[in-house]
There are 2 protein chains.
Amino acid sequence: MYKDLPPIQLLIAFEAAAQLHSFKLAAQALCITPSAVSQQIKQLEQHLNMSLFNRLTRRVELNEYGKAYLRVAEQTLSTYRNCHDSFLYQVSNPILRISMIPFVAYEIVIPALHEFKSLHPNIELRIETSMSLIDFDREPVDAAIRLGDGNWPGLETHSISPCHCALVASPHYITNNPIDTIRNLSGHTLIHMQGSMNDWQRTSEFLKGNTIEHNTKLVMDSYIAAMRAAEQGLGIAIGQLPLLATWLKAGRLVTLNQPVMIPEQYYFVLRKTSVKKEVLLDFYHWLTTKFNAEFNSTDINSHTNFA
Amino acid sequence: MYKDLPPIQLLIAFEAAAQLHSFKLAAQALCITPSAVSQQIKQLEQHLNMSLFNRLTRRVELNEYGKAYLRVAEQTLSTYRNCHDSFLYQVSNPILRISMIPFVAYEIVIPALHEFKSLHPNIELRIETSMSLIDFDREPVDAAIRLGDGNWPGLETHSISPCHCALVASPHYITNNPIDTIRNLSGHTLIHMQGSMNDWQRTSEFLKGNTIEHNTKLVMDSYIAAMRAAEQGLGIAIGQLPLLATWLKAGRLVTLNQPVMIPEQYYFVLRKTSVKKEVLLDFYHWLTTKFNAEFNSTDINSHTNFA
DNA sequence: ACTATAGGTAAGTAATGCTTACTCAAAGGT
DNA sequence: ACCTTTGAGTAAGCATTACTTACCTATAGT
């Protein structure tokens, strides 16, 4: 059936001639000669093995077949034009789906979204919050914000900012549960985060202490829940400085020691082959300034030092 | 917006390559060389100013733009193929809309329709019954069966059969209302048909008589109603022989005189520019045999002659 | 009767699309 | 580690297609 389809480009001349009732006007519209239009339509008629126009003197008009075929041409070409236009719209107004943990979304990205939107009105951001590392091959996301060593095979990584950690608690908690020195936290509740259970192990190594055993454990299912628990005075948590700027400034939490830079960093991660790389990097650069603004505005020396 | 539409024929190679994930296979499908496919797709990419495929080694895969553009190509081409197919279907299974008076439809055409359908299974007939001459420029009909002199400007006419007229009445009526001679019908009811009021005038001239005045008139609104009235014994009507074959054979009516050929004939009428001329003439030839079969099967000498 | 006009046709030319021949890069099989 | 195979990209040349030019035809309008 497909084999004897007339060359699709002939539809263009036919549509113009049919709509304008004139080969001459069609030729003008298409910037070719009337003769070329005549030949193209003759070709189409030969392919269909039927005539499409009644040739009158100095005028052509569609016959019944022509009228029916005009519907073919119009439908086909309008489909092409509409689909093409919406394709171009999609391309020039890309949707960036970016995955991150809820805390980063709520504390850093979302509060500044209106600024990004005003800088890049064409780019539509879709923030996807996820607890764990998403699989780029399965999830329909364009990029992710990840804490790690920057080594994810097949993905392109861009460093956003280093990560400083410090023990945090609410001021109220400190008052009611005095801390002698952070090397001796026995008797205190240590707030853990699910999936990062060895953080306290590492922390104790950093602090050159070994007092983290025999403490009460409180395990929360996310970083945001851990911070909220600390804010409520339920114990001591490990806070990441770039994320806690507003909490520390507002006095919802205080740091108990000089922040320590950990080996992991925050990275912006995207597919190596992403066609949206350009706009994604626009977002990355903007995001980096947001992270650094947060971190620099946090006076990392304003902690209650029990070291 | 339309100006920078890529040449529509490029969609064909793109669709094939995208669906087959291979320029080589696409080339085979299109009966061209892989190089040609590669060049067409390169052209398309240059028009769109973006790449559509990730070129891997010995393999190509659509990137995100390519996936989006595949929808453009598929929609456009499937629209073309579907519309084209339904156009061809329409052409090869034409609908013939043919106008005629109800009597011709009911007595001649419709009883034989199943035969025509078996001879021409592709042709769909639409019988449109109409009391008066329809206007080909306004009504969506392809042809008409008309009684007349064959001279209708702008239309092509083909003679179907001459028309013989005779006075008819029911056998019962004749018994109850004896007729002396058809030159003297005084006292009889003459059944007229609306729109053909001068038929009796002409008939009297044919019969070389002048007795048609001072009779009771019965005016019916159609030929079929006039024949039914005669059948019911309501009076004498003017019957057209080609149409009354079954009625006469069944004894529903009898002729009262030797049928007389009138100047009008039955014609098959169509537009000079009709694109369905071929199938219409198929129908015309079939119709002619039907008319003649009817007429020849009527023994025009089997009348009750009062001349 | 003459002119102007729209379309059709034929021949020549410009443009395009295709093939051929070659290169390249990586995968697969010894 | 080697060579072979394979699919895609490229450049040059060729073949085909599509367009233009010039001329013809028919007719509507003057």
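In what follows, every chain begins at residue 1, and chains take the letters A, B, ... in the order their sequences are listed.
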Taking protein heavy atoms under 4.0 Å as touching, what does nucleotides 1-10 of chain D look like 5' to 3' if B marks base contact, S marks sugar-phosphate-only contact and - marks none?
----BBSSSB

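- Rounding to the nearest 0.5 angstrom, the gap separating the NZ atom in A:Lys290 from the CH2 atom in A:Trp286 is 6.5 Å.
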Run the numbers on B:Lys117 and B:Glu124 for salt bridge (Lys or Arg N to Asp or Glu O under 4.0 Å), then give the verdict.
CA-CA 8 Å; B:Lys117 191 73 187 171; B:Glu124 185 176 337; 5.7 Å; no

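- Going from atom CD1 of A:Ile41 over to atom C1' of D:dA18 covers 14 Å, rounded to whole Å.
- One distance of note links CG of B:Leu10 with CD of B:Glu45; it measures 11.0 Å at 0.5 Å rounding.
- Between A:Phe268 and A:Phe283, the ring center distance clears the sub-6.0 Å criterion.
- The separation between B:Ile32 atom CD1 and C:dT20 atom P is 13 Å, rounded to whole Å.
- A salt bridge is absent between A:Arg71 and A:Glu64: the closest approach of a Lys/Arg side-chain nitrogen to an acidic carboxylate oxygen does not fall below 4.0 angstrom.
- In this structure, the helix from C:dA1-D:dT30 to C:dT30-D:dA1 shows an angle of 30° between the axis at its start and the axis at its end, each fitted on 5 base pairs and rounded to 10°.
- As rounded to whole Å, 14 Å separates atom P of D:dA18 from atom CD1 of A:Ile8.
- For the ring-ring contact (aromatic ring centres under 6.0 Å, His included) criterion with B:His158, the lone passing option out of B:Tyr284, B:Tyr266, B:Phe291 is B:Tyr284.
- In summary, of the residues considered (A:Ile134, A:Leu96, A:Leu270), a side-chain contact (heavy atoms from CB on, under 4.5 Å) with A:Val141 occurs for A:Ile134 alone.
- Side-chain N/O atoms of A:Gln40 include one lying less than 4.0 angstrom from OP1 or OP2 on D:dC19.
- Rounding to whole angstrom units, CG of residue B:Leu30 and P of C:dT19 are separated by 10 Å.
- Rounded to whole Å, the distance from CD on A:Gln28 to P on D:dC19 is 16 Å.
- Aromatic ring centres of B:Tyr69 and B:Phe53: separated by at least 6.0 Å.
- For the pair A:Glu45 CD and C:dG7 P, the interatomic distance rounds to 13 Å; values are reported in whole Å.
- Between B:Glu156 and the choices B:Arg271, B:Lys276, B:Lys277, the salt bridge (Lys or Arg N to Asp or Glu O under 4.0 Å) rule is met once, by B:Lys277.
- Look at CD on A:Gln46: it is 10 Å from P on C:dT9, rounded to the nearest Å.
- To the nearest angstrom, C1' of C:dA6 lies 14 Å from CZ of A:Phe53.
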